[in-house]
Protein chains: 2
Amino acid sequence: MAKIQKDLFSKKDVEYAALSKCLAHPARLMILDILSKHKDRTCKELVFDIPLSQSTVSKHLNDLLAIGLICRKVSGAQSLYTLEWNKLTRFFELTNRLSKGMMPHRPKRNCC
Amino acid sequence: MAKIQKDLFSKKDVEYAALSKCLAHPARLMILDILSKHKDRTCKELVFDIPLSQSTVSKHLNDLLAIGLICRKVSGAQSLYTLEWNKLTRFFELTNRLSKGMMPHRPKRNCC
DNA sequence: TTTATTCATTGTATGTTTACGATAAGTGTT
DNA sequence: AACACTTATCGTAAACATACAATGAATAAA
């Protein structure tokens with residue numbers, strides 16, 4: 001019983017949780033950051049910047065691909081990765097909505 | 001070798017990844033949402049709203065406690081949980097900063 | 001056609017997460 | 001003191017995540 005029981009929760013929460021999980025690793029944050037500052041990057045270039053093995057970086061790229069945060073284009077012997085801006089924007093918008101849904105209730109003082 | 005190699009990445013990325021991981025489960029999102037709309041909640045009340053067992057909800061509460069997103073006050077036989085607004089605000093601010101650091105480079109058209 | 005380059009995938013080891021039932025530990029009640 | 005109530009923790013099990021070396025597959029270069 002390790003799998004999250006998705007059917008028990010709202011679609012919105014499940015989607016946001018899945019996106020959050022993708023941002024829950026420093027290497028994946030680095031990849032997104034690098035891709036946001038360059039039109040595209042090859043796997044090799046990313047491996048050069050990220051202090052992990054080629055196969056591990058490739059795995060992280062797969063995770064980001066799977067949820068649609070990045071895109072792959074094969075070009076000869078190499079793979080070109082680009083950022084999926086629409087998906088990233090969606091995450092930021094969802095966070096904003098979440099923030100706006102919670103923060104209005106914020107009290108003047110905290111408890112702890 | 002399953003542990004994230006924290007020393008290989010920036011403090012900022014490690015902190016943001018840890019916070020993201022806490023938001024990466026629908027049950028924990030529910031807890032934060034409920035606590036944002038009520039001054040405090042007992043464990044029992046949260047268990048009533050969340051479709052998981054008492055011990056599992058308690059575990060999620062511990063995770064949120066550990067990173068400082070919520071606070072516990074013992075009151076007689078029960079535990080009162082409250083939201084740590086400062087910590088939640090910090091997450092939203094970090095996301096905003098991340099967004100601002102990435103989005104300026106957004107091109108007019110996407111690749112895929 | 002060999003050889004090198006690039007990258008995904010496979011195999012493997014280990015640690016973590018999710019989940020529940022059962023139990024323990026505390027408080028309040030009778 | 002005995003009982004019920006609330007909650008944390010322990011024990012357990014299965015799935016998932018992290019990481020690397022090795023291998024495979026495809027392209028480019030010699």
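A note on names: the letters A, B, ... follow the listed sequences, proteins ahead of strands, and every chain is numbered from 1. Given the structure is predicted, the values throughout are model-derived calculations rather than measurements.
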Item to complete: Before giving the answer on salt bridge (charged side-chain N to carboxylate O under 4.0 Å, His left out), spell out for D63(A) and R28(A) the whole-Å C-alpha distance, their side-chain angles and the decisive distance to 0.1 Å.
Response: CA-CA 9 Å; D63(A) 293 342; R28(A) 291 193 291 266; 3.5 Å; yes
Item to complete: May I have the step-by-step check of side chain to side chain contact (heavy atoms under 4.5 Å, CB included) for D49(A) and I31(A), ending in yes or no?
Response: CA-CA 9 Å; D49(A) 282 336; I31(A) 292 171; over 6 Å; no
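Counting heavy atoms from C-beta outward, H38(A) and Y81(A) have side chains that stay 4.5 Å or more apart.
Proximity of N62(B) to the phosphate of dA8(D): no side-chain N or O atom is located under 4.0 Å from OP1 or OP2. Contact annotation: H60(B) reaches the phosphate of dA19(C) (side-chain N/O to OP1 or OP2, under 4.0 Å). Between R28(B) and dT18(C) there is a side-chain N or O to OP1 or OP2 distance below 4.0 Å. Distances shorter than 4.0 Å separate none of the side-chain N or O atoms of T42(B) from OP1 or OP2 on dT6(D). For K21(B) and dT17(C), the shortest distance from a side-chain N or O to OP1 or OP2 is below 4.0 Å. OP1 or OP2 of dA19(D) sits under 4.0 Å from a side-chain N or O of H25(A). OP1 or OP2 of dA8(C) sits under 4.0 Å from a side-chain N or O of S58(A). Between T56(B) and dC20(C) there is a side-chain polar atom (N or O) within less than 4.0 angstrom of OP1 or OP2. Distances shorter than 4.0 Å separate none of the side-chain N or O atoms of Y81(B) from OP1 or OP2 on dT6(D). The phosphate of dA8(D) (OP1 or OP2) has a side-chain N or O of R72(B) nearer than 4.0 angstrom.
Comparing atom distances between the C43(A) side chain and each of dT18(C), dA8(C), dT18(D) picks out dA8(C) as nearest. Closest to the side chain of K59(B), from the set dA8(C), dT5(C), dT18(C), is dT18(C). Across dG21(C), dC7(C), dT18(C), the shortest atom-to-atom separation from the side chain of Q78(A) is found for dC7(C). Minimum atom distance to the side chain of Q54(B) is reached by dA8(D), of the listed dA8(D), dA21(D), dT6(D). Proximity note for K44(B) (side chain, C-beta onward) versus dC20(C), dC20(D), dT6(D): the nearest is dT6(D).
Taking atom CG of L61(B) as the reference point, atom C1' of dA19(C) lies 15 Å away to the nearest angstrom. The distance between atom CE of M30(A) and atom P of dT18(D), rounded to the nearest whole Å, is 16 Å. For L23(B) and dT17(C), the CG to P distance is 15 Å, given to the nearest whole Å. Between the CG atom of L80(A) and the P atom of dT6(C) there is a distance of 13 Å, given to the nearest Å. As a whole-Å value, the separation of L64(B) CG from dT18(C) C1' is 14 Å. Rounded to whole angstrom, the span from the CG atom of L65(A) across to the C1' atom of dT9(C) amounts to 14 Å.
Heavy atoms from other residues, nucleotides or ligands lying under 6.0 Å from NZ of K37(A) number more than 12.
Between the CZ atom of R72(B) and the CG atom of L64(B) there is a distance of 12.0 Å, given to the nearest 0.5 Å.
If you check every strand for non-hydrogen atoms under 4.0 Å, S79(B) touches sugar and phosphate atoms only. Nucleic acid contact for L52(A): sugar-phosphate only, since backbone atoms but no base atoms lie under 4.0 Å from a heavy atom of the residue.
Checked by atom type and distance alone, the side chain of H60(B) never pairs as donor or acceptor with a backbone atom of V57(B) at under 3.5 Å. With hydrogens and angles disregarded, a donor-acceptor distance shorter than 3.5 Å links the side chain of T95(B) to the backbone of F91(B).
Looking at S53(A), its side chain has no donor and acceptor atom pair within 3.5 Å of the base of dA19(D).
Two residues, E45(A) and F9(A), neighbour DNA chain C, and the one matched to the more 5' nucleotide by heavy-atom proximity is E45(A). Annotation: of the two residues near DNA chain D, S75(A) and A27(A), the 5′-most nearest-nucleotide partner is A27(A). Mapping L8(B) and V74(A) onto DNA chain D by nearest heavy atom places L8(B) closer to the 5' end of the strand.
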